[in-house]
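As structure tokens, the structure follows; a few thoughts come after it.
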2 protein chains.
Amino acid sequence: MASPDMNLLSLNQITTENWSLKEAAEGCSAQDIPWISVWRHKIEEIGLKESKKIIDANGLKVSSVCRGGMFPAVDKEERLRRIDDNKRAVEEAAELGTDVLVLVCGPSPDKDLIRSREWVREGIEAVLPFAEQHGVKLGIEPLHPMYAADRSVITTLGEANQLQQQVGSSHLGVVVDVFHVWWDPFLYREIEHAGDTILGFHVSDWSVPLPDMFKGRNMMGEGVIDIPRIRGAVEKQGYNGPIEVEIINQAIWDQPGDQTLKQMKEAYHIHV
Amino acid sequence: MASPDMNLLSLNQITTENWSLKEAAEGCSAQDIPWISVWRHKIEEIGLKESKKIIDANGLKVSSVCRGGMFPAVDKEERLRRIDDNKRAVEEAAELGTDVLVLVCGPSPDKDLIRSREWVREGIEAVLPFAEQHGVKLGIEPLHPMYAADRSVITTLGEANQLQQQVGSSHLGVVVDVFHVWWDPFLYREIEHAGDTILGFHVSDWSVPLPDMFKGRNMMGEGVIDIPRIRGAVEKQGYNGPIEVEIINQAIWDQPGDQTLKQMKEAYHIHV
């Protein structure tokens with residue numbers, strides 16, 4: 001399979017967590033990485049206007065804003081607060097010139113997963129009209145089932161697709177992250193089901209043993225995931241947008257960011 | 001929901017990993033735990049005949065033998081060796097008077113999960129006639145997806161059901177372990193699909209954060225799993241066999257076994 005297009009490479013900012021947005025943007029610019037995915041806690045550090053200025057000054061395009069979501073809460077007021085926070089995230093995405101807000105849907109506050117999944121759907125439905133007005137699409141990212149208790153009750157692409165279809169909006173889609181979905185026996189069928197609703201494609205790798213449950217992702221090529229096969233399936237559905245490298249790993253965070261970007265470019269060329 | 005029947009309580013021997021089979025059997029007998037699930041590495045320590053003698057002397061019934069499986073291997077000779085090993089496990093189950101051999105199907109030796117899943121099916125089909133002759137049923141236990149790279153490519157109940165149906169034998173079924181399946185959005189639908197092919201029901205709990213990826217299971221009641229709801233769904237399908245407490249946890253292993261059995265009985269009564 002041919003290497004992916006270098007013009008689609010995007011640095012998901014969590015990969016260089018120790019860098020500010022300015023450092024990340026300048027790093028990408030210096031190494032000809034054309035896209036960046038911006039995290040909200042990095043925007044907060046300097047404000048939205050300054051963030052936009054930095055991204056523009058470095059000639060970058062924004063592939064997505066990470067992240068909205070976190071909908072389930074027992075208290076109704078709290079659920080409304082979270083919906084409002086998602087609207088702020090939509091505004092940030094629009095202002096930074098991306099049409100994708102990635103959703104990490106949130107864990108369940110109690111043992112009732114079924115009700116929490118309903119709160120996720122209600123939250124998405126409440127944010128959607130606002131997102132449509134702003135020209136921003138919401139991308140449901142199913143997370144690996146090992147994060148079901150603390151990050152997301154949406155755990156498989158099948159579930160994300162079902163949610164997308166239930167809500168049924170042109171401004172709602174799914175995000176395929178190989179780390180979260182590679183193990184799924186129904187992955188390729190569900191990528192077909194997702195079709196043109198795929199809004200993003202994220203890469204990293206699963207090494208054995210995993211260094212850590214949360215900070216456990218590795219550079220592409222260092223694990224067991226057949227990334228080219230998954231990329232091929234996603235591209236077959238017409239996805240030709242940016243490919244984000246999203247690696248949460250303490251050792252990678254602790255090394256110089258420039259080195260990470262260099263490794264990332266090489267691994268992208270060879271292993272994606 | 002009413003507490004489960006104490007006459008169905010089974011000690012899965014891995015819960016008291018530091019005990020020999022003799023210690024575990026005597027421990028169960030002393031605390032009126034009627035069932036035990038026996039692990040093969042514990043049988044090996046003393047031999048099959050002695051194992052049987054100990055179990056009989058303590059008046060215990062064997063709920064299952066753990067474990068067969070581990071089918072995928074690139075080398076064909078190696079796959080045949082593993083099939084032979086599964087036949088030995090079938091003989092052990094028959095000799096110990098249980099009709100359930102639990103299968104942990106095995107990880108993929110490479111990135112081709114689809115081929116590895118075929119090897120699992122082929123392995124099961126090769127063992128089945130032998131199992132039928134010995135009156136032993138093979139129970140496919142889907143493992144949590146976080147074990148897909150190192151323990152089992154069979155990761156969801158949906159996948160286990162599909163495999164059961166493809167092979168289509170009265171001597172093949174599935175095992176539902178709450179730790180592995182609790183997160184699954186399609187769990188209750190798949191328990192219905194499993195119907196009367198359910199051969200075992202295992203309990204423990206998922207605490208947040210998980211103490212360890214492998215040795216990370218907790219006592220029932222200490223985590224987020226709605227165990228009674230899952231038990232209710234399994235019982236609705238007619239399952240009324242033993243309920244195994246299977247906890248892999250270093251702290252629990254390191255405490256006196258008698259204490260573990262006491263805690264387990266109480267947690268079973270209150271939280272299962």
Side-chain angles (χ1 to χ4, degrees), chain A residues 105 107-117 120 142-163 178-190 205-214 216 218 221 223-230 271, chain B residues 105 107-117 120 142-163 178-190 205-214 216 218 221 223-230 271:
Chain A
C105 293
S108 179
D110 54 29
K111 295 186 180 183
D112 193 345
L113 295 176
I114 294 169
R115 189 175 58 165
S116 283
R117 286 167 174 142
V120 169
L143 257 54
H144 193 286
M146 71 183 173
Y147 301 130
D150 48 6
R151 283 186 183 78
S152 174
V153 290
I154 307 299
T155 52
T156 66
L157 189 55
E159 189 181 8
N161 284 338
Q162 195 177 71
L163 186 52
V178 299
F179 183 84
H180 296 307
V181 303
W182 69 275
W183 57 271
D184 188 343
F186 307 115
L187 176 60
Y188 296 96
R189 181 188 80 188
E190 292 301 332
D205 215 333
W206 181 292
S207 65
V208 180
L210 217 57
D212 182 80
M213 260 182 83
F214 177 52
N218 279 83
V224 300
I225 306 177
D226 192 345
I227 304 173
R229 187 174 196 158
I230 303 176
H271 299 291
Chain B
C105 292
S108 179
D110 55 29
K111 295 185 180 183
D112 193 345
L113 295 177
I114 294 169
R115 190 175 56 165
S116 284
R117 286 167 174 140
V120 169
L143 256 54
H144 194 286
M146 72 182 173
Y147 301 130
D150 49 5
R151 285 185 183 78
S152 174
V153 289
I154 308 299
T155 51
T156 65
L157 189 56
E159 189 181 7
N161 283 338
Q162 196 178 72
L163 186 52
V178 299
F179 184 84
H180 296 307
V181 303
W182 70 276
W183 56 271
D184 187 345
F186 306 116
L187 176 60
Y188 296 97
R189 182 188 79 188
E190 292 302 332
D205 215 333
W206 180 293
S207 64
V208 181
L210 216 58
D212 182 79
M213 259 183 85
F214 177 52
N218 278 83
V224 300
I225 307 177
D226 192 344
I227 304 173
R229 187 175 196 156
I230 303 176
H271 299 292

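Lettering follows sequence order; numbering is per chain, from 1. None of the values given here were measured: they were computed from a predicted structure.
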Test ring-ring contact (aromatic ring centres under 6.0 Å, His included) applied to A:F179 - qualifying residues, sequence neighbours left out
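For A:F179 the ring-ring contact (aromatic ring centres under 6.0 Å, His included) partners, ignoring immediate neighbours, are A:W206.
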Top of B:R117, B:M213, B:Q162 for chain A proximity - count of heavy-atom pairs under 4.5 angstrom
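Max contact count across the listed options: B:R117.
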Just so I understand: if I count every heavy-atom pair under 4.5 Å between each of B:P145, B:S207, B:P107, B:A149 and chain A, which residue has the most?
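Looking at each of B:P145, B:S207, B:P107, B:A149 in turn, B:P145 comes out on top.
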Any chance you could measure B:K111, atom NZ, to A:I230, atom CD1, to the nearest 0.5 Å?
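Interatomic distance, B:K111 NZ to A:I230 CD1, rounded to 0.5 Å: 10.0 Å.
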Quick one: does B:D150's side chain get under 4.5 Å of A:P209's, heavy atoms only?
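The answer is no; the side chains never approach within 4.5 Å.
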Where on [X] is there a heavy atom nearer than 4.5 Å to chain B: the side chain, the backbone, both, or neither?
X      : answer
A:F186 : side chain
A:V224 : both
A:D212 : neither

Under the side-chain contact (heavy atoms from CB on, under 4.5 Å) test, which residues partner B:D112, sequence neighbours left out?
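side-chain contact (heavy atoms from CB on, under 4.5 Å) list for B:D112, sorted by chain: A:R229, B:D110, B:I114, B:R115.
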Just say parallel, tilted or perpendicular for the rings of B:W183 and A:W183, cut-offs at 30° and 60°.
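B:W183 vs A:W183 ring planes: perpendicular.
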Of all heavy-atom pairs between A:A148 and B:W182, which one has the smallest distance, and what is that distance?
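What the structure gives for the nearest pair is CB-CH2, 3.7 Å.
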